[in-house]
2 protein chains.
Amino acid sequence: MRSVSDDQTTKARIRDAAILRFAQDGLDAPLRSIASDAGVSAGLIMHHFGSRAGLRRACDDYVQASIRDNKAKLMVPAGAPAAMLAQLAQLEGYAPLVGYILRCLQSGGELTSRLVEGMVADTVDYLREGVRAGTVSPSRDEAARARLLTDFALGSLLLNLPAGKDPLILAELPAWFAAYVDRILQPTLEVFTEPLLTDSTLLDAYLEGQGSAQSTERTTS
Amino acid sequence: MRSVSDDQTTKARIRDAAILRFAQDGLDAPLRSIASDAGVSAGLIMHHFGSRAGLRRACDDYVQASIRDNKAKLMVPAGAPAAMLAQLAQLEGYAPLVGYILRCLQSGGELTSRLVEGMVADTVDYLREGVRAGTVSPSRDEAARARLLTDFALGSLLLNLPAGKDPLILAELPAWFAAYVDRILQPTLEVFTEPLLTDSTLLDAYLEGQGSAQSTERTTS
DNA sequence: TCGGATACTGAACGCATGTTCAGAACATTA
DNA sequence: TAATGTTCTGAACATGCGTTCAGTATCCGA
């Protein structure tokens with residue numbers, strides 16, 4: 001076909017409609033609704049993507065590629081992973097993409113692992129620069145700390161987002177992100193500036209136990 | 001009926017089977033599989049619970065009641081909310097309950113809000129005692145900090161759990177929890193003992209901006 | 001202009017699900 | 001024992017889904 005206003009391939013149009021529907025109605029949105037949005041029959045989705053799983057795979061790949069591109073582009077600070085999603089959500093036209101990512105994170109699919117891994121890597125870089133600049137204290141295990149902080153940020157985001165509330169109103173997403181950041185910023189800064197625990201007895205005790213345990217029972221990896 | 005080994009009402013047996021199935025196969029587990037597990041016809045579920053939603057409501061209520069009971073009972077420390085789930089998971093026979101809770105947290109139903117709210121309240125108490133004992137530093141907003149820490153704990157838990165991996169092997173849950181705690185304990189203790197940010201310029205800047213903003217634009221709540 | 005490939009439709013199939021319902025089995029009370 | 005209400009079954013219904021398929025329109029190279 002490809003008749004009027006041919007700014008997109010039909011296949012791409014279906015993919016975009018799918019991302020939007022998945023973001024709005026959840027990852028179990030029916031193929032027929034996607035087809036309807038794209039102005040297309042359900043059978044054509046099968047023709048282009050083989051199956052529902054194929055469509056999901058195409059969406060995942062496209063989203064990951066988009067993230068990769070936009071990460072290098074507008075993400076100057078690129079530090080906190082949640083901040084990246086918040087920034088993306090503000091960007092005109094990127095709300096469906098962010099919504100799709102949130103749905104995936106919630107359901108824990110394959111994309112989740114890939115995205116989280118990428119965010120952990122970014123956080124590692126970000127923290128390393130902070131350590132070099134002297135604004136961030138060094139860690140005994142930089143990788144573990146980066147993963148922990150990433151999990152904290154993404155996890156609390158997931159727990160707080162208007163979950164279950166189907167459908168997810170994408171138009172409200174930017175405002176919601178802004179409110180969320182506004183809500184957590186002060187306690188977050190506080191807890192990462194002034195230590196929650198007043199002394200290091202707990203940490204010392206753990207390190208002590210870990211040290212002796214490692215020297216005695218070295219059987220397990 | 002209520003014939004042999006009548007240690008439970010049929011209704012209770014169905015509820016328990018439902019919690020187990022929901023935990024294992026997800027909250028969209030078919031009623032027929034639950035009925036089969038309970039040795040009962042699907043129609044009987046309707047007779048006792050009215051609908052699928054009614055069964056879910058019964059499960060939610062039962063789980064919340066169990067949590068309330070066990071909180072007062074064995075939760076001596078009761079501090080970190082994730083720790084409570086970890087402890088419960090170790091307890092013989094409570095793995096399905098924990099699995100069900102994890103599924104609910106992931107899907108963000110009504111139980112989620114209730115449970116999270118309860119855990120936030122517990123954390124508030126726990127932190128208050130720590131502050132009084134001098135082991136925990138005070139906060140500018142105790143409620144906000146408690147919520148943040150709860151979200152961190154639960155969120156990172158959700159993000160890390162063997163998600164999407166249907167079915168969830170309940171027998172492996174205790175071991176998984178142990179491994180998870182072992183993995184995050186050191187970086188967690190570190191980040192809450194030695195401040196991540198080396199100075200308070202960021203926090204000060206935020207408090208500064210917030211203070212002046214509050215004095216000038218007091219329109220929004 | 002022809003012919004084959006590709007894009008696309010719309011109806012149909014097969015399956016799983018929640019729910020309904022008529023009736024059987026059972027318990028309880030009179 | 002008879003009557004009555006509760007528990008429970010098994011088949012059936014209605015619906016919505018992913019997928020298949022035969023057939024039609026459209027494009028493109030020879």
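Letters go in sequence order (proteins before strands), and every chain restarts at 1. Below, each value reflects all heavy atoms present in this structure, side chains not excepted, and no hydrogens, waters or symmetry copies.
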Just how far is it from atom OG1 of B/Thr123 to atom CE of B/Met84, taken to the nearest 0.5 Å?
10.0 Å
Measure the CD1-CG distance between B/Ile67 and B/Leu85 for me, rounded to the nearest 0.5 Å.
6.5 Å
Check [Y] with [X], please: is the shortest side-chain N to carboxylate O separation under 4.0 Å?
{"X": "B/Arg145", "Y": "B/Glu142", "value": "yes"}
{"X": "B/Arg56", "Y": "B/Asp60", "value": "yes"}
{"X": "A/Glu117", "Y": "A/Arg147", "value": "yes"}

Please give me every residue in residues 53-61 of chain A whose heavy atoms get under 4.0 Å of an atom in DNA chain C, ordered by residue number.
none
What's the [atom1]-[atom2] distance between [X] and [N], to the nearest Å?
{"X": "B/Arg21", "N": "C/dT17", "atom1": "CZ", "atom2": "C1'", "value": "15 Å"}
{"X": "B/Ile14", "N": "D/dT7", "atom1": "CD1", "atom2": "C1'", "value": "10 Å"}
{"X": "A/Lys11", "N": "C/dT6", "atom1": "NZ", "atom2": "C1'", "value": "13 Å"}
{"X": "A/Leu44", "N": "C/dA11", "atom1": "CG", "atom2": "C1'", "value": "16 Å"}
{"X": "A/His48", "N": "C/dC8", "atom1": "NE2", "atom2": "C1'", "value": "8 Å"}
{"X": "B/Ile45", "N": "D/dT7", "atom1": "CD1", "atom2": "P", "value": "15 Å"}

Phosphate oxygens OP1/OP2 of C/dC21: is one of them under 4.0 Å from a side-chain N or O of B/His47?
no
B/Thr10 side-chain N/O to D/dT7 phosphate OP1/OP2 under 4.0 Å:
no
If you count the non-hydrogen atoms of other residues, nucleotides and ligands that lie under 6.0 Å from CD in A/Glu129, is the total more than 12?
no
Under 3.5 Å side-chain donor-acceptor pair for A/Tyr206 and B/Thr188
no
Any luck finding a side-chain donor-acceptor pair between A/Arg114 and A/Gln64 under 3.5 Å?
yes
Set out, line by line, the N/O atom pairs under 3.5 Å between protein and nucleotides 13-18 of chain D.
residue, atom, partner, partner atom, Å
D/dG18, OP1, A/Leu31, N, 3.4
D/dG18, OP1, A/Arg52, NH1, 2.4
D/dG18, OP2, A/Leu31, N, 3.0
D/dG18, N7, A/Arg32, NH1, 2.8
D/dG18, O6, A/Arg32, NH2, 3.1

Identify, with sequence neighbours excluded, every residue that meets side chain to side chain contact (heavy atoms under 4.5 Å, CB included) alongside B/Ala12.
B/Gln8, B/Thr9, B/Arg15
